[in-house]
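All remarks here apply to the structure that follows.
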There are 2 protein chains.
Amino acid sequence: MDDLSGPAGPLYQQVYDAVMARIVSGELAPGMMLPSEFDLAAQYAVSQGTARKALSKLELSGLVERHQGKGTFVATTTDETSLFHFFRLRQSDGAQVIPQLVSETVRKRPANAREAAALGLAARASVFEVMRVRSINDAVVCAEQSVLDVVKFPGLKDRGGLPNALYPLYQRSYGITIARADEQLRAVMVPEAVGGMLALADNTPVMEVERRAIGISGGVMEFRLSYYLTQNLHYAVSLR
Amino acid sequence: MDDLSGPAGPLYQQVYDAVMARIVSGELAPGMMLPSEFDLAAQYAVSQGTARKALSKLELSGLVERHQGKGTFVATTTDETSLFHFFRLRQSDGAQVIPQLVSETVRKRPANAREAAALGLAARASVFEVMRVRSINDAVVCAEQSVLDVVKFPGLKDRGGLPNALYPLYQRSYGITIARADEQLRAVMVPEAVGGMLALADNTPVMEVERRAIGISGGVMEFRLSYYLTQNLHYAVSLR
DNA sequence: AAGTGGTCTAGACCACAAA
DNA sequence: TTGTGGTCTAGACCACTTT
């Protein structure tokens with residue numbers, strides 16, 4: 001039986017905050033079942049309807065999944081959802097295509113100014129740099145450089161090959177769930193270093209994508225700089 | 001007192017559908033106040049809680065706005081929300097910048113194959129083409145070509161200067177509310193015709209954006225092809 | 001059969017806005 | 001003061017999943 005004396009606002013919001021805190025802390029880990037509506041109501045001394053409203057809001061936020069007859073579970077990041085949701089390249093007909101890894105290198109180095117600012121680190125703090133090239137139907141389509149705080153992702157460099165989708169790995173191995181990603185897109189001439197990696201002519205236009213991946217508690221967990229080839233594919237987005 | 005015999009599903013969904021239909025038909029026009037929760041409950045012979053759930057879902061869909069003490073109102077598309085929501089160019093610091101119109105031409109012509117397919121029209125059906133060039137701080141930043149079915153937007157060509165944001169005009173003058181827009185982005189060399197309009201060198205990389213603007217009842221109401229200059233600005237999007 | 005989420009009701013009280 | 005939406009409760013019943 002817990003107490004809600006701390007925060008203010010409606011009861012359902014206090015229950016929402018309390019459960020959210022238990023998820024952030026890891027006490028309720030991804031995949032785990034939450035207490036039922038009645039149990040939760042008893043724990044926080046509210047009615048079932050109020051507990052239900054808190055759970056509905058958690059579901060709306062994407063933090064939990066509810067299934068009639070089974071229960072409420074902390075949301076799990078899977079390869080499918082992660083790739084489909086965060087990898088926006090699509091074919092002309094709108095169909096999703098799963099990219100394959102062509103190459104991958106991981107190294108530890110000091111952050112540059114932009115990376116340190118994005119990740120909220122001190123200048124030249126140590127980061128892991130994951131550089132990956134992806135292909136679709138044997139044609140190279142993008143180069144991605146992901147930059148991570150070594151403190152948040154200890155030992156990342158010494159893992160074997162990394163999985164196709166990184167975010168499920170962040171969640172499983174480091175307890176870091178990516179809730180959303182803010183991207184900034186530009187059309188640029190392919191930079192020389194990237195053009196070399198992708199075997200492109202100097203004057204090829206590519207899409208530069210700067211991503212800040214944000215965890216459920218709000219901080220920037222990953223800074224990613226990508227270059228997409230958009231001759232045969234496009235970046236798809238829905239504004240609503 | 002209305003009847004809900006037609007459709008199936010939960011009661012609140014039937015109320016949602018009924019009110020939605022009244023909005024789509026124009027009986028409940030943008031800006032109008034809806035019946036209160038109790039009135040709506042009486043009209044459809046359900047409890048206030050059920051009517052409330054339907055209204056909450058309508059609010060979540062963006063079709064209505066609710067204000068404590070005032071009432072529930074059919075959502076209105078304003079220049080600010082429309083520009084902020086659908087015009088994605090931002091400064092490096094993420095700040096929104098309001099673009100100014102530099103030039104505008106409207107003409108009537110047959111649709112090409114891609115436009116006819118996107119709008120669901122017969123080949124070479126008549127469309128209005130609105131061509132606009134925009135600037136920010138006196139620097140040209142984009143060229144937009146909007147294509148509309150002449151049947152849905154009668155007399156558009158003979159209006160004077162069009163407003164900065166088109167969607168509020170669609171709503172006010174034609175009863176067409178844009179609910180969302182699906183965009184496809186590519187990095188390309190600026191096409192010759194566009195480069196001439198924007199006074200750009202031939203080998204400038206620009207972002208090509210193909211937009212399908214979708215009305216509340218689901219159809220494509222506008223097909224838009226834009227070219228954005230991203231030297232000093234970027235296209236911002238949040239994936240969640 | 002037991003346990004879960006999903007729907008629906010009836011009623012109470014509160015917070016806010018307008019007359 | 002009146003009318004609106006916002007919160008909360010207690011209880012009922014249904015639909016689905018698992019044992």
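Labels below follow one simple rule: chain letters A, B, ... track the order of the sequence lines, proteins then strands, and each chain is numbered from 1.
Comparing A:G69 and A:R52 along DNA chain C, the residue whose closest nucleotide (by nearest heavy atom) sits nearer the 5' end is A:G69. Each of B:H67 and A:T50 was matched to the nucleotide of DNA chain D holding its nearest heavy atom; the match closer to the 5' end belongs to B:H67. If you find the closest nucleotide of DNA chain D to A:G49 and to A:K70, the one lying nearer the 5' end belongs to A:G49.
At least one cation-pi condition fails for A:K157 and A:F128: the charged atom is not both under 6.0 angstrom from the six-membered ring centre and inside a 45 degree cone around its axis.
Across all strands shown, B:F38 has no heavy atoms under 4.0 Å from either base or sugar-phosphate atoms.
Using a 4.0 Å cut-off between a side-chain N of Lys or Arg and a carboxylate O of Asp or Glu, B:E183 and B:R88 do not qualify as a salt bridge. Look at B:R132 and B:E104 and you find a salt bridge, because one of the NZ, NE, NH1 or NH2 atoms lies within 4.0 Å of a carboxylate O, short of that distance. We find that A:E144 and A:R134 are joined by a salt bridge, their nearest charged nitrogen and carboxylate oxygen being less than 4.0 Å apart.
On the nucleic acid side, DNA chain C has its first and last nucleotide under 4.0 Å of a heavy atom of chain B at C:dT7 to C:dA18, going 5' to 3'.
Not one N or O on the side chain of B:Q171 forms a donor-acceptor pair closer than 3.5 Å with the backbone of B:T177.
A:F86 and A:Y167 have perpendicular rings, their planes meeting at more than 60° on a 0 to 90° scale where under 30° would count as parallel.
If you take CD of B:E65 and P of D:dT4, they are 18 Å apart, rounded to a whole angstrom.
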